[in-house]
Amino acid sequence: MSAARSAVAAVLAGIAIASAVPCDAAVRTYFIAADDVLWNFAPSGHDLMADAPLPKVQSPQLGWRYHKALYRAYTDATFRHLKARRPSNAYLGLLGPIIRAEVGDTIVVTFKNNTRLHLSVHPYGVEYDKASEGAPYRDGSPRSETSDDAVAPGGVYAYRWAVPERSGPGPMDPSSVLWMYYSHTDEVRDVSTGPIGPIIITRRGMARADGSPQDVDSEFVAMFSEVDESQSRLIPENLRDASINPHHISPSAPAFQPSNQFFTINGFVFGNLPMLTMTRGQRVRWYLMSSMSDFDFHAPTWHGQTVLYKGQRSNTLALGPTDSKVADMVPENPGVWEFDCDLNIHHQAGMSARFTVLP
Ligand SMILES: [Cu+2]
């Protein structure tokens, strides 16, 4: 072998070793569609915090129900069967399915767009190339790498994301961290339309088979989000639907925007988030995120318990727009407790829920 050829062989061997994945690395496959869902911000029809009627719907508020485009998990690539959400996960509400991985894994999201809008899947934190970024902008991508930017109605696209060390917990993080995925085809209006979900990455060697962290008994994801239906790309459908807009309210009506925005936890208001239940002494991990409208500043607060956030003790954390924070709780105080945003105008608008600590 010539010197040049053996040098090439050595380089190729080096690349092969460097790119070899650990034998325990998994490919985590998800089948996620964007579906048109009739979402109800207060499905009980009551204010469950106050045991009272909901605030009266006054024009130009359309009501509590709106068409939304939401990410939903399916069982396989045929996209014929919705993957049923466990009752204990009903609290995830309008969030898409939790995408999990351990550092070293690969995530493949096969996305089907069942809506009439062009949509995408854009992740935070994980590693992707231009064919899996899910965001259209002038980045010099060849045409062959732009199908991910905007998946057409009825279209299917597979996004492939790597999970290197820098996507997992840093030195000051607990054993898992939170990212998000959302549609970024129309960056300003997509999230108001609905499609957003959580990604949880666990430190290498710390994950159970399903990707969840071994040193935690119970996990809860809570997105504090100002949902502005006046910005939704489905507002024409909502205005046209006589069951939603029987009085033919016009979007040009004064105060249409503030009347049709909701301060929600996972898309629920006034205590309609299904009860979060945990047991005294459990290791409970809270994943908090905020959405990306203009004023998504929130102060999630737990009554009756405290949490540890990066080694610091607190019972309230501050979230800015698109923020994510992970806090650990060992609940010690049995009872039914409030979990809410302590910003006054958000609290008044129903940004509150409850959790139960069993003895
Ligand atoms: Cu808030």
Side-chain angles (χ1 to χ4, degrees), residues 21-22 24-26 28 92 95 98-107 122-128 161-182 196-225 265-266 276 278 280-292 296-333 337 339-343 355 357:
V21 288
D24 58 345
R28 311 252 177 200
L92 289 169
L95 290 176
I98 299 173
I99 292 177
R100 292 184 184 274
E102 181 177 7
V103 169
D105 292 347
T106 299
I107 298 167
H122 168 67
Y124 277 2
V126 294
E127 184 180 271
Y128 45 79
W161 306 326
V163 187
E165 236 12 274
R166 63 93 166 149
S167 299
M172 304 292 280
D173 283 311
S175 57
S176 55
V177 290
L178 175 69
W179 304 106
M180 64 172 83
Y181 64 99
Y182 61 98
I196 186 166
I199 302 172
I200 295 174
I201 305 296
T202 301
R203 185 172 280 136
R204 195 195 294 271
M206 293 288 290
R208 298 188 183 97
D210 68 356
S212 65
Q214 292 165 0
D215 58 346
V216 168
D217 301 312
S218 212
E219 297 169 283
F220 298 100
V221 180
M223 178 176 75
F224 286 71
S225 174
I265 304 173
N266 294 354
L276 307 174
M278 58 209 71
R280 182 181 185 179
Q282 269 189 329
R283 298 165 300 176
V284 177
R285 180 156 295 167
W286 294 83
Y287 299 92
L288 307 180
M289 59 195 260
S290 58
S291 184
M292 54 204 62
D296 261 314
F297 294 93
H298 303 287
T301 304
W302 297 267
H303 287 214
Q305 328 288 330
T306 62
V307 296
L308 271 179
Y309 170 68
K310 294 192 173 171
Q312 296 175 317
R313 188 71 68 185
S314 187
N315 73 325
T316 182
L317 295 172
L319 293 177
T322 70
D323 217 345
S324 61
K325 287 183 172 163
V326 180
D328 282 339
M329 171 190 286
V330 179
E332 292 175 347
N333 201 352
W337 302 100
F339 173 52
D340 67 328
C341 178
D342 266 0
L343 289 191
F355 66 104
V357 177

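At least one side-chain heavy atom of His303 sits less than 4.5 Å from a side-chain heavy atom of Asp340. Residues Trp286 and Trp302 meet the side-chain proximity criterion, which asks for heavy atoms closer than 4.5 Å. Ile196 places a side-chain heavy atom less than 4.5 Å from the side chain of Met292. Side-chain contact between Val284 and Pro331 is present, with at least one heavy-atom pair separated by less than 4.5 Å. Looking at heavy atoms from C-beta onward, Val126 lies out of side-chain contact with Ile99 at the 4.5 angstrom threshold. Using a 4.5 Å heavy-atom threshold, the side chains of Tyr182 and Pro123 count as separate. In this structure, the side chains of Val163 and Glu102 stay at 4.5 Å or more apart for every pair of heavy atoms. Cys341 places a side-chain heavy atom less than 4.5 Å from the side chain of Phe224.
Minimum heavy-atom separation, Val103 to Pro169: CG2-CD, 4.4 Å. Nearest heavy-atom pair across Tyr181 and Pro198 is CE2-O, 3.4 Å. Listed here is the closest heavy atom pair of Ala222 and Ile265: CB-CG2, 4.1 Å. Taking each heavy atom of Val326 and Pro174 in turn, the nearest pair found is CG1-CG, 3.8 Å. The two atoms that bring Arg203 and Gly170 nearest to each other are NH2-O, 3.0 Å, heavy atoms only. When all heavy atoms are compared, the tightest approach of Val221 to Ile98 is CG2-CD1, 4.0 Å.
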Practice item. Applying side chain to side chain donor-acceptor pair (under 3.5 Å), run through Arg208 and Thr202 and close with a yes or a no. Key: CA-CA 9 Å; Arg208 298 188 183 97; Thr202 301; over 6 Å; no
Practice item. Output, in order, the C-alpha distance, side-chain angles, deciding distance and verdict of side chain to side chain contact (heavy atoms under 4.5 Å, CB included) for Ile199 and Tyr124. Key: CA-CA 8 Å; Ile199 302 172; Tyr124 277 2; 6.0 Å; no
Practice item. Given side chain to side chain contact (heavy atoms under 4.5 Å, CB included), test Asn315 with Asp342 step by step and report yes or no. Key: CA-CA 11 Å; Asn315 73 325; Asp342 266 0; over 6 Å; no
Exercise for review: Would you sort out whether His298 and Leu288 count as a side chain to side chain contact (heavy atoms under 4.5 Å, CB included), showing the intermediate values?
Suggested key: CA-CA 10 Å; His298 303 287; Leu288 307 180; over 6 Å; no
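Asp217 contributes a side-chain N or O that, together with a main-chain N or O of Arg283, makes up a donor-acceptor pair within less than 3.5 Å. Panel note: side chain Ser324, backbone Trp179; no donor-acceptor pair is recorded below 3.5 Å. Within the 3.5 Å criterion, the main-chain N or O of Ser314 finds no donor-acceptor partner in the side chain of Thr306. Checking side-chain atoms of Gln305 against main-chain N and O of Asn333 turns up a donor-acceptor pair under 3.5 Å. Side-chain N or O atoms of Arg204 include none that pairs as donor or acceptor with a backbone N or O of Gly168 at under 3.5 Å. Side-chain atoms of Arg166 come within 3.5 Å of backbone atoms of Gly125 as a donor-acceptor pair (strictly under, hydrogens ignored). Side chain of Asp296 to main chain of Leu319: no donor-acceptor pair is present (N/O by atom type, distance under 3.5 Å, no hydrogens or angles). Proximity of a side-chain donor or acceptor of Lys325 to a complementary backbone N or O of Ala318 within less than 3.5 Å is detected. No donor-acceptor distance shorter than 3.5 angstrom exists from the side chain of Asp323 to the backbone of Met289, with no hydrogens or angles considered. Checked by atom type and distance alone, the side chain of Arg28 never pairs as donor or acceptor with a backbone atom of Thr106 at under 3.5 Å.
For the atom pair Leu276 CG and Phe355 CZ, the distance stands at 8.5 Å (nearest 0.5 Å). Separating the OG atom in Ser175 from the CG atom in Asp328 is a distance of 7.0 Å, to the nearest 0.5 Å. Taken to the nearest 0.5 Å, the NZ atom of Lys310 stands 5.0 Å off from the CG atom of Asp173. Atom CG of Leu308 and atom CZ of Arg285 lie 11.0 Å apart (nearest 0.5 Å). Atoms CE and CE, on Met329 and Met278 in that order, are 6.5 Å from each other to the nearest 0.5 Å.
Between the side chains of Ser176 and Arg100, not a single donor N or O lies within less than 3.5 Å of an accepting N or O.
For the salt bridge (Lys or Arg N to Asp or Glu O under 4.0 Å) test, no residue two or more places apart in sequence or in another chain qualifies with Asp215.
More than 12 heavy atoms of other residues, nucleotides or ligands lie within 6.0 Å of CD in Gln214, so this atom counts as buried by the packing criterion.
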